[in-house]
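Structure first, commentary second.
Computed from a predicted structure; not experimentally measured. For the numbers below, each heavy atom of this structure counts, side chains included, while hydrogens, waters and symmetry mates do not.
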Amino acid sequence: MVAAKSTTENSRLPGTIYSAAAAIEAAGGKALPLPVDIRFDDQVREAVQQSVNHFGGIDILVNNASAISLTSTSETPMKRFDLMMGVNLRGTYLCSQACLSHLRNAENPHILTLSPPLDMQAKWFAPHAAYTIAKYGMSMCVLGMAEEFRPLGIAVNALWPRTIIATAALQVISGAQANRGRTPEVVAEAAAHILVRDSRITTGNFFIDEEVLAQAGVTDLSRYAVSQGQPLQTDLFLD
């Protein structure tokens, strides 16, 4: 089930839930695109129920939605603050809560959240405190829910890229150079490796994409580079 707000093309953020669903089906999968704003409880719970009705259950939840604003405290309007907290932190919590009863019934249930390892150094907060709080809030959900859901056999893990990823989000990251990043496939393939692991013994981890691939025997990552030979730029929240 592809749940997001993007129902029409946007020049700054190409693609829609419908084009994503079409790509999934072209690759041999089955997809259900549903317009959802994860800030609203009723929309999330309705989408979860539609997904269960359509597919017969829920095995995996990927918390990927995020709002970003790399702005200082004085330059962050409260409307933008509320958006980041509503989508990143509250959205992750809400979607996890809404899927919980169905994940209990899955054979190998996973929650995978796209958020960074927790590292409480001031340097990660000072330039953009609101965004860091929102992203670390997602990571705190991972930390707490992994232990809470451990007796249920539900895996809860985080995944974060070692390098910047060449997506439209780079437009709002000052100094980010897409040609020094990797393609989204590196994160997607790392996620795929995580999600087939035994949920009962793979939980509470803050995975880094290239480390996951190395554990799977994939050590040559050159094919993921946007520009061969360019030095790679490390992503936010990592040294």
Hey, what's the ring geometry for F125 with Y136, parallel, tilted or perpendicular (30° and 60° as the breaks)? perpendicular
Would Y224 and E210 satisfy side chain to side chain donor-acceptor pair (under 3.5 Å), going step by step from the backbone distance to the final call? CA-CA 11 Å; Y224 300 113; E210 62 181 33; over 6 Å; no
Are the side chains of S69 and H128 in contact, using a 4.5 Å heavy-atom criterion? no
Donor-acceptor contact below 3.5 Å, side chain N108 vs main chain S199: yes
How about R90 and D41: do any of their side-chain heavy atoms sit closer than 4.5 Å? yes
Are side-chain heavy atoms of R197 and Q215 found at a separation under 4.5 Å? yes
Is the shortest heavy-atom distance from the side chain of D235 to the side chain of R162 under 4.5 Å? no
If only side-chain N and O atoms count, and only distance matters, is there a donor-acceptor pair under 3.5 Å linking T113 with N63? yes
Sub-3.5 Å donor-acceptor pair from the side chain of N105 to the main-chain atoms of G57, do we have one? no
Taking all heavy atoms of A3 and all of I17, pick out the closest pair and write down the distance. C-CG2, 4.5 Å
Check: L236 main-chain N/O paired with W160 side-chain donor or acceptor under 3.5 Å: yes
Please find the pair of heavy atoms, one from M138 and one from L114, that lie closest to each other, and give the distance. CE-O, 3.6 Å
Would the number of heavy atoms belonging to other residues, nucleotides or ligands and lying under 6.0 Å from CZ of F237 be above 12? yes
State whether the side chain of Q233 and the backbone N or O of Q177 hold a donor-acceptor pair below 3.5 Å, judged by distance alone. yes
Residue Q228 excluded, over 12 heavy atoms near CD under 6.0 Å: yes
Taking the side chain from D209 and the backbone from V186, do they hold a donor-acceptor pair closer than 3.5 Å? no
Check the surroundings of atom NZ in K123: do more than 12 heavy atoms from other residues, nucleotides or ligands lie under 6.0 Å from it? yes
Indicate yes or no: at least one non-hydrogen side-chain atom of L94 is less than 4.5 angstrom from one of R45. yes
Short side-chain donor-acceptor distance under 3.5 Å, T16 and T7: no
So which heavy atom on A158 is nearest to which on F206, and how close? CB-CD2, 3.5 Å
Note, T234 side chain near D239 side chain (heavy atom, < 4.5 Å): no
Given the rule that I, L, V, M, F, W and Y join up when any side-chain heavy atoms are under 4.5 Å apart, are V44 and L112 in one cluster? no
Closer than 4.0 angstrom, basic N to acidic O: yes or no for R80 and E75? no
Walk me through whether I111 and C99 qualify under side-chain contact (heavy atoms from CB on, under 4.5 Å). CA-CA 9 Å; I111 297 175; C99 290; over 6 Å; no
If only atom types and distance count, is the side chain of D37 paired as donor or acceptor with the main-chain N or O of R39 below 3.5 Å? yes
Using only atom types and a distance under 3.5 Å, with no angle test, would you say the side chain of S19 pairs donor to acceptor with the backbone of G15? no
ILVMFWY network linking V2 to F40, side-chain heavy atoms under 4.5 angstrom: no
Is there a donor-acceptor pair closer than 3.5 Å between any side-chain N or O of T203 and the backbone N or O of V156? yes
For the side chain of T132 and the backbone of W124, is there at least one donor-acceptor N/O pair under 3.5 Å apart? yes
Side-chain touch P109/I60, heavy atoms, less than 4.5 angstrom: no
So, does N157 use its side chain to make a donor-acceptor pair with the main chain of T202 at under 3.5 Å? yes
Contact check, side chains of R180 and L232, non-hydrogen atoms, under 4.5 Å: no
